[in-house]
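Worksheet for the structure shown next.
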Amino acid sequence: AKKNSGDHFMMYQPNMDKEAYSNLQLENDLRYAVERKEFSMVYQPLIDISDGKMVGVEALIRWNHPIRGPVSPQEFIQLSEENGLIIPLGQWILETACLQWKQWVENGYSPFTLAINISIIQFTHPNFLRDLKEIIRKTGMEPRYLELEITENIPFANNFASIILNDLKHLGVKISLDDFGTGYSSLQYLNTLSIDTLKIDRSFIKDLPFNRNNIAIVQTIMSMAQFLDLKVVAEGVETKEQLLFLEKNGCQIAQGYYFSRPLPKEEFERTFLMDSKW
Ligand code: C2E
Ligand code: CA
Ligand code: CA
Ligand code: CA
């Protein structure tokens, strides 16, 4: 990107770089993407390492842009956090995934945990709880099967966030700390918060069992989780070797390309739900 023009605040300068232009365009397109039905959810299984059975799914959003094609969620989630669109978008995500879960259960599949990513902006929005309760009521989602994934850097010290956590616990909704290990948390704070699950960040799993630092980090997280009675999910598991290491070190649940990429609903059903009907 060119940084030397000094006129980067002017919107349609002819020498403006393509990237900046398309970001602007993208932000605008984001506003209409829900009603234009350009978003969809994909589902990635969480696997119990001891028996290979699916115990849950993580719902992840996809945006198929009519001109740009697939846009990375990293990119447009951040954009929507900056412009506030994450609030309606986050509601759409919750509603779509919960409705899907309800349909699976109504179709006779035995219920499993549904994990949904929640942006910090969404989580700390004053109406979050009210809206969540409404979505739960509307969709028929069972709260005890719902797990909200929030990143570790959420301002928990902030009283408001801990009140929400408490209320969620009352509702029966589970909380998972995503990307665990990349932010700051102390034992103390994990102990007092109503956290159910730690999701070890992919960066620590990546070069297991060869990287001594990551071996130590994962083992430390495992013993900490055991001490605090927290569930642990390893994310980004891609190889048999990683899986064996995790199993040996007491990790119960894994997620990653080794088992499956996130799949569109139909493909997920064909691959993981076919034989779980009673
Ligand atoms: P995340 O929550 O940490 O999600 C895990 C990411 O790792 C997903 O990328 C998933 O496709 C990818 N992944 C899963 N297994 C593997 C693996 O074995 N190897 C590798 N290399 N990657 C793997 P994705 O879908 O592109 O999402 C990226 C991030 O965007 C997510 O990170 C999350 O922070 C955000 N995001 C995605 N969907 C949503 C959503 O519905 N709501 C919110 N608020 N954020 C979302
Ligand atoms: Ca996640
Ligand atoms: Ca993660
Ligand atoms: Ca992440």
Side-chain angles (χ1 to χ4, degrees), residues 30 33-34 38-47 49 54 56-65 69-101 113-125 128 131-132 135 146-154 174-183 195-208 218 221 231-243 245-246 253-265 267-268:
L30 199 55
V34 167
E38 291 165 7
F39 291 119
S40 62
M41 299 306 293
V42 289
Y43 301 89
Q44 188 178 35
L46 275 71
I47 306 291
I49 297 180
M54 190 205 53
V57 288
E58 177 177 0
L60 294 151
I61 193 169
R62 294 292 176 262
W63 182 13
N64 194 6
H65 187 280
V71 185
S72 147
Q74 219 108 273
E75 188 176 344
F76 71 81
I77 290 288
Q78 199 197 327
L79 211 58
S80 71
E81 285 175 337
E82 285 161 8
N83 64 20
L85 281 171
I86 190 63
I87 301 302
L89 182 56
Q91 283 177 344
W92 182 87
I93 291 167
L94 271 166
E95 200 167 321
T96 305
C98 288
L99 204 56
Q100 181 59 72
W101 181 92
T113 300
L114 170 68
I116 301 179
N117 295 284
I118 305 291
S119 150
I120 294 191
I121 310 275
Q122 187 184 6
F123 189 81
T124 54
H125 188 277
F128 176 65
D131 294 342
L132 178 68
I135 288 168
L146 180 59
E147 186 154 76
L148 304 182
E149 296 195 1
I150 50 186
T151 50
E152 210 184 336
N153 292 326
I154 203 152
K174 307 274 189 310
I175 297 289
S176 175
L177 277 192
D178 207 349
D179 304 339
F180 189 74
T182 61
I195 302 293
D196 302 279
T197 307
L198 303 180
K199 277 191 104 165
I200 306 178
D201 191 66
R202 188 168 78 224
S203 60
F204 303 118
I205 307 297
K206 223 177 82 194
D207 39 19
L208 289 178
V218 170
I221 293 175
K231 220 167 67 174
V232 177
V233 176
E235 65 174 24
V237 175
E238 295 183 355
T239 69
K240 182 92 195 165
E241 289 73 26
Q242 292 169 340
L243 194 65
F245 174 88
L246 291 164
I253 301 169
Q255 177 184 1
Y257 296 168
Y258 179 75
F259 300 105
S260 171
R261 289 177 178 269
L263 301 172
K265 154 192 182 243
E267 215 181 328
F268 173 75

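In each ligand, atom 1 is the first atom listed, and ligand 1 is the first ligand listed. Please read all numbers here as calculations on a predicted model, not as lab measurements.
Listed by number with element, the atoms of ligand 1 under 4.0 angstrom from any heavy atom of Gly256 are 15 (N), 18 (O). Remark: ligand 1 atoms within the under-4.0 Å shell around heavy atoms of Asp179 are 3 (O). Near Glu238, the atoms of ligand 1 lying under 4.0 angstrom from a non-hydrogen atom of the residue are 17 (C), 18 (O), 19 (N), 20 (C), 21 (N). Shown in contact with Gln74 at under 4.0 Å from a heavy atom are these atoms of ligand 1, numbered in order with element: 28 (C), 29 (C), 30 (O). Interface of Glu235 with ligand 1, defined as ligand atoms under 4.0 Å from a residue heavy atom, comprises 3 (O). Listed by number with element, the atoms of ligand 1 under 4.0 Å from a non-hydrogen atom of Ile61 are 38 (N), 39 (C), 40 (C), 41 (O).
With a 4.0 Å cut-off on non-hydrogen atoms, Glu58 touches ligand 1 through its side chain and not its backbone. With a 4.0 Å cut-off on non-hydrogen atoms, Leu60 touches ligand 1 through its backbone as well as its side chain. Residue contacts with ligand 1, taken as heavy atom pairs separated by less than 4.0 Å, involve Gln44 solely via side-chain atoms from C-beta onward. At a 4.0 Å heavy-atom cut-off, ligand 1 does not touch Arg261 at all. Contacts between Thr151 and ligand 1, counted as non-hydrogen atom pairs separated by less than 4.0 Å, are absent for every part of the residue. Heavy atoms of Val237 found under 4.0 angstrom from ligand 1 belong exclusively to the backbone. Contact annotation: for Asn117 versus ligand 1, heavy atoms closer than 4.0 Å belong to both the backbone and the side chain. Neither the backbone nor the side chain of Gln255 has any atom closer than 4.0 Å to an atom of ligand 1 (non-hydrogen atoms only).
Glu267 pairs by the side chain to side chain donor-acceptor pair (under 3.5 Å) definition with nothing, not counting sequence neighbours. Listed by chain and residue number, Leu60, Gln255, Tyr257, Pro262 satisfy the side-chain contact (heavy atoms from CB on, under 4.5 Å) test with Gln44 (two or more places apart in sequence, or in another chain).
In Asp179, the N, O or S atom that comes nearest to the Ca ion (ligand 3) is OD1. Looking only at N/O/S atoms, Glu58 comes nearest to the Ca ion (ligand 2) through OE2.
Expressed to the nearest 10°, the angle at the Ca ion (ligand 3) joining OE2 in Glu235 with OD1 in Asp178 is 130°.
The N/O atoms of Arg202, backbone and side chain alike, include one that comes under 3.5 Å of an N/O atom in ligand 1.
With atom 24 (P) of ligand 1 as the reference point, the heavy atom nearest to it among Ala234, Pro70, Pro73, Ser72 is part of Pro73. Distances from atom 17 (C) of ligand 1 to the heavy atoms of Phe123, Phe76, Tyr257, Trp63 show the closest one on Tyr257.
For residue Asn117, an N/O/S atom approaches the Ca ion (ligand 2) to within less than 3.0 Å.
Between the side chains of Gln74 and Gln78, not a single donor N or O lies within less than 3.5 Å of an accepting N or O.
Residue Ser119 places a heavy atom under 4.0 Å from ligand 1.
When every heavy atom of Glu149 is checked against every heavy atom of Asn117, the shortest pair comes out as OE1-OD1, 3.1 Å.
Note on ring orientation: taking the six-membered ring where Trp is involved, the planes of Phe76 and Trp63 are perpendicular (angle over 60°, cut-offs 30° and 60°).
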For this session: Apply the test side-chain contact (heavy atoms from CB on, under 4.5 Å) to residues Ser80 and Leu30: give CA-CA distance (whole Å), side-chain angles for both, the deciding distance (0.1 Å), then the verdict.
Result: CA-CA 8 Å; Ser80 71; Leu30 199 55; 3.8 Å; yes

